[in-house]
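Since the structure comes first, as structure tokens, the remarks are kept for the end.
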Amino acid sequence: MKIKCDFCKTEYSVDKTPTTPVKCAVCGHVWTVAIQSRRGAWMMFFVSLCALLSAAVFATAVVVQSKIKNANREPIVAQLTEIKTVADENGVPRFAVRGVIVNQSTEIYGVPDLVVVSRDGAGREIARQKFMPSATLVESGAFVEFNHVLNTPTNGVEKITIELQTGDK
């Protein structure tokens with residue numbers, strides 16, 4: 001800890017706060033060193049902890065609100081988890097897709113038909129194939145898996161995506 005002469009401002013390093021008056025070796029001034037309170041440090045720690053807790057609560061609220069908005073906008077989403085090439089009975093290569101349909105909402109939803117879209121390197125659509133997943137309903141917060149082998153060949157396909165079949169297509 002550092003203490004300073006009140007008169008000439010000479011600084012001294014001491015191990016602990018002196019309990020008796022101190023005499024300056026330079027000017028001879030005698031003064032009593034005030035005991036430093038740790039209250040300010042504890043207050044700063046408490047305020048910092050409160051700020052951190054508030055930030056965590058705010059971040060959690062933002063994430064939850066975002067999930068609720070996404071669930072209201074898109075209660076069901078389809079995701080591809082695997083795409084591989086398989087040969088049919090004639091030896092023609094085909095794509096086999098595997099994925100999940102996730103219910104992000106708090107209600108049971110009917111599972112719509114799925115559409116697999118094949119695209120070339122420029123993003124142009126080559127083929128579109130609709131199929132029905134095996135499940136008809138998906139519980140709140142749950143998912144169902146799907147597997148499907150496309151009947152279109154693999155020639156020129158660079159990208160495959162999955163879409164939910166809506167009433168307007």
Side-chain angles (χ1 to χ4, degrees), residues 1-2 4 11 13 15 36-169:
M1 136 177 218
K2 290 194 179 216
K4 188 187 295 187
E11 290 187 6
S13 291
D15 292 337
Q36 293 181 348
S37 169
R38 292 190 174 222
R39 182 177 180 189
W42 281 107
M43 187 62 78
M44 186 58 93
F45 172 76
F46 180 72
V47 168
S48 299
L49 189 62
C50 288
L52 182 62
L53 183 60
S54 297
V57 168
F58 177 75
T60 302
V62 167
V63 168
V64 167
Q65 187 66 27
S66 174
K67 284 186 177 183
I68 290 170
K69 284 182 181 177
N70 283 342
N72 290 339
R73 186 175 55 233
E74 296 178 8
I76 296 183
V77 294
Q79 303 166 343
L80 289 174
T81 57
E82 181 182 19
I83 302 170
K84 63 182 180 179
T85 305
V86 297
D88 66 8
E89 62 275 355
N90 298 323
V92 177
R94 309 274 185 203
F95 286 113
V97 295
R98 169 182 247 164
V100 292
I101 302 164
V102 181
N103 182 351
Q104 303 180 108
S105 75
T106 58
E107 299 176 17
I108 296 174
Y109 266 86
V111 178
D113 291 344
L114 297 174
V115 178
V116 179
V117 182
S118 303
R119 299 184 185 279
D120 64 12
R124 293 182 295 262
E125 188 175 303
I126 296 173
R128 176 179 282 268
Q129 184 177 343
K130 179 173 125 176
F131 71 96
M132 290 177 37
S134 58
T136 56
L137 293 174
V138 61
E139 297 280 336
S140 168
F143 67 91
V144 293
E145 296 180 325
F146 63 84
N147 295 298
H148 185 70
V149 177
L150 302 178
N151 60 14
T152 55
T154 60
N155 299 342
V157 176
E158 294 289 325
K159 184 176 182 181
I160 294 179
T161 58
I162 190 82
E163 299 174 359
L164 297 170
Q165 178 68 49
T166 59
D168 57 355
K169 289 188 180 178

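- Classified by interplanar angle (parallel below 30°, tilted 30° to 60°, perpendicular above 60°), the ring pair F146/F131 is tilted.
- Residues V138 and I76 have side chains in contact (heavy-atom distance under 4.5 Å, counting atoms from C-beta outward).
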Task: L164 vs L114, side-chain contact (heavy atoms from CB on, under 4.5 Å): CA-CA, chis, key distance, verdict - done: CA-CA 5 Å; L164 297 170; L114 297 174; 3.4 Å; yes
Open item on the list: Assess the residue pair V116 and F95 against the criterion (side-chain contact (heavy atoms from CB on, under 4.5 Å)); give the C-alpha distance rounded to whole Å, side-chain angles, the decisive distance to 0.1 Å, and a yes or no.
Closed with: CA-CA 10 Å; V116 179; F95 286 113; over 6 Å; no
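- For R94 against L150, the heavy-atom pair with the smallest separation is CD-O, 3.3 Å.
- The side-chain hydrogen bond (donor to acceptor under 3.5 Å, both in side chains) check on N151 picks up nothing, with sequence neighbours excluded.
- Annotation: side chain of E163 is in contact with side chain of R128 (closest heavy-atom distance under 4.5 Å).
- No more than 12 heavy atoms of other residues, nucleotides or ligands sit less than 6.0 Å from atom CE of M132.
- Side-chain contact between S13 and K2 is present, with heavy atoms from C-beta onward closer than 4.5 Å.
- Shown here is D15, whose CG atom has no more than 12 heavy atoms of other residues, nucleotides or ligands within 6.0 Å.
- Residues that satisfy the side-chain hydrogen bond (donor to acceptor under 3.5 Å, both in side chains) test with E11, not counting sequence neighbours, are absent from this structure.
- A donor-acceptor distance shorter than 3.5 angstrom exists from the side chain of N103 to the backbone of E139, with no hydrogens or angles considered.
- When all heavy atoms of V149 and Q129 are compared, the pair lying nearest together is O-NE2, 4.1 Å.
- With contacts defined as side-chain heavy-atom distances shorter than 4.5 Å, the pair V144/P133 does not qualify.
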